[in-house]
Each structure stands twice: as structure tokens, then as C-alpha cells.
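All remarks here apply to the structure that follows.
Predicted, not measured: the structure shown is a model, and the values here were computed from it. Below, read A as the first sequence line, B as the second, and so on, with proteins coming before strands; counting in each chain starts at 1.
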Amino acid sequence: MKAHRLPQSILRRMAAYTEFQRKVWLCCAQIPRGSTMTYGEVARKIGHPGAARAVGTALSKNPFAPTVPCHRVVAGSGKPGGYSGPGGIRKKLQLLKEEKASLRG
DNA sequence: CGTATGGCTCCTC
DNA sequence: CGAGGAGCCATAC
């Protein structure tokens, strides 16, 4: 649990949010570049199986996007899912394209 | 403290 | 394979 390379400033700001959100964001930060993960996978990984929807909620609140690579989290049906960061879903798809990542991981 | 709201998922049809 | 409906979960109000 230390693969993330987030700035100390961000890590410190994260402290103001719920543990659930931090787990979600940190989990995203741990997703290897060029890979993707489904909301359900993330939920299960952080110890909240079935909380896929809550994961989406947490990511939508992600104030560190795209510094926190929440765009590497996609829906489980091979769909892009959503993106509340700057640029919207378009930006998410663009980032994934740049990273040569496929929606299936 | 109860209701409303999502970057979801699974099961049927 | 696609559309529809019903669960599930944490957060915001």
C-alpha cells in the first residue's frame, strides 16, 4: 500500500474526507498506468464489496482529479462510466486513450 | 434522523 | 445483445 505517488499536499487534504473516500481515491492512485478497474472491483478491493455505487459517489466528489487518476475506473459492462472532473467524460476517454488503456482493464 | 442522489451491477425479459 | 427494473451503499441535505 504505497504505490501511490501523490503529493504530500493532496494526501494531507484527503484527511478532511471520510475514510471510505480516501480508500477509493488511494485505490485509484494505485491502478497501474494503462490499466483500468471497475467500480465493483475497487469497492471489493477496499473492503466494501457491493458498494460500487458508493465508489462512484466518492469519485464524483474527488477534488483531486485528474491528479488522482479516477479516470482509470470504468463501469463493469465495458462502458466508460462517468466523470465529473474538468472536461467531463470526454476528458476521461481522452486520458484513457493517451494511456493506451482499454475499458476492460 | 429520514429522504434524496448518484461516475453501479446484476437479473429478467 | 439491449432495454427495464430492482437492489445496494455511502454522502449530502
Side-chain angles (χ1 to χ4, degrees):
Chain A
M1 267 290 219
K2 58 175 182 177
H4 63 71
R5 26 167 89 40
L6 298 177
Q8 183 62 40
S9 55
I10 287 187
L11 292 177
R12 212 158 49 124
R13 290 170 195 279
M14 275 190 178
Y17 299 79
T18 72
E19 186 177 358
F20 181 80
Q21 289 176 176
R22 283 183 307 224
K23 281 185 176 180
V24 172
W25 297 334
L26 289 176
C27 191
C28 295
Q30 286 156 35
I31 300 177
R33 183 182 180 285
S35 291
T36 58
M37 229 181 211
T38 71
Y39 297 91
E41 285 276 79
V42 173
R44 179 155 50 88
K45 177 140 189 170
I46 65 178
H48 290 242
R53 209 164 195 180
V55 169
T57 304
L59 290 178
S60 70
K61 298 285 190 64
N62 172 27
F64 314 111
T67 305
V68 171
C70 52
H71 60 267
R72 289 179 192 160
V73 183
V74 298
S77 318
K79 295 211 144 189
Y83 192 74
S84 300
I89 187 63
R90 294 273 302 180
K91 183 68 177 180
K92 177 174 182 174
L93 291 173
Q94 185 187 319
L95 287 170
L96 289 176
K97 183 182 178 184
E98 288 181 17
E99 296 184 357
K100 298 292 196 300
S102 61
L103 296 181
R104 279 306 186 77

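With B:dG7, C:dC9, C:dT11 as the choices, the nucleotide that has an atom nearest any side-chain atom of A:S84 turns out to be B:dG7. Out of B:dG6, B:dG7, C:dA12, the shortest distance to the side chain of A:Q21 is found at C:dA12. Listed nucleotides B:dG7, C:dA10, B:dT9 differ in distance to A:V73; the shortest reach to its side chain belongs to B:dG7.
For B:dC8, neither phosphate oxygen OP1 nor OP2 lies less than 4.0 angstrom from any side-chain nitrogen or oxygen of A:S77.
Checked by atom type and distance alone, the side chain of A:K79 never pairs as donor or acceptor with a backbone atom of A:L103 at under 3.5 Å. With hydrogens and angles ignored, the 3.5 Å screen pairs a side-chain donor or acceptor of A:T36 with a backbone N or O of A:S102. A distance-only check finds no donor-acceptor pair linking the side chain of A:K61 to the backbone of A:Q21 [under 3.5 Å].
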Working for side chain to side chain contact (heavy atoms under 4.5 Å, CB included), residues A:W25 and A:L59 = CA-CA 7 Å; A:W25 297 334; A:L59 290 178; 4.0 Å; yes
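Between the side chain of A:R53 and the base of C:dG7 there is at least one donor-acceptor pair of N/O atoms closer than 3.5 Å. No hydrogens or angles were tested; on distance alone, a donor-acceptor pair under 3.5 Å links the side chain of A:Y39 to the base of B:dG7.
A heavy-atom distance below 4.0 Å to DNA chain B is reached by these residues of residues 55-71 of chain A, ordered by number: A:G56, A:T57, A:L59, A:S60, A:C70.
When side chains are defined from C-beta on, A:Y83 counts as touching A:C70, because their heavy atoms get closer than 4.5 Å.
For the atom pair CD1 of A:I89 and NE2 of A:H71, the computed distance is 11.5 Å after rounding to the nearest 0.5 Å. Atoms CZ and OG1, on A:R5 and A:T67 in that order, are 13.5 Å from each other to the nearest 0.5 Å. Here the NZ atom belonging to A:K45 is positioned 12.0 Å from the CG atom belonging to A:L26, to the nearest 0.5 angstrom. Atom CZ in A:R72 sits 11.5 Å away from atom CD in A:Q30 (nearest 0.5 Å).
Residue order along DNA chain B, read from the 5' end via each residue's closest nucleotide, puts A:A54 first among A:G40 and A:A54.
Following rounding to the nearest Å, A:I89 (CD1) and B:dC8 (C1') show an atom-to-atom distance of 14 Å. Distance CH2 (A:W25) to P (C:dT11): 10 Å, rounded to an integer number of Å. Rounding to whole angstrom units, CD of residue A:E41 and P of B:dT9 are separated by 10 Å. Rounded to an integer number of Å, the gap from A:R44 CZ to B:dC8 C1' is 14 Å. Atom CE of A:M37 is separated from atom P of B:dT9 by 13 Å (rounded to the nearest Å).
Nucleic acid contact class of A:G82 (heavy atoms, under 4.0 Å, all strands): base. In this structure, A:F20 reaches the sugar-phosphate backbone alone: every heavy-atom distance under 4.0 Å involves primed, P, OP1 or OP2 atoms, never a base.
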Dot-bracket encoding per residue of DNA chain C, Watson-Crick/G-U cut-off under 3.5 Å, | denoting interstrand = .||||||.|||||
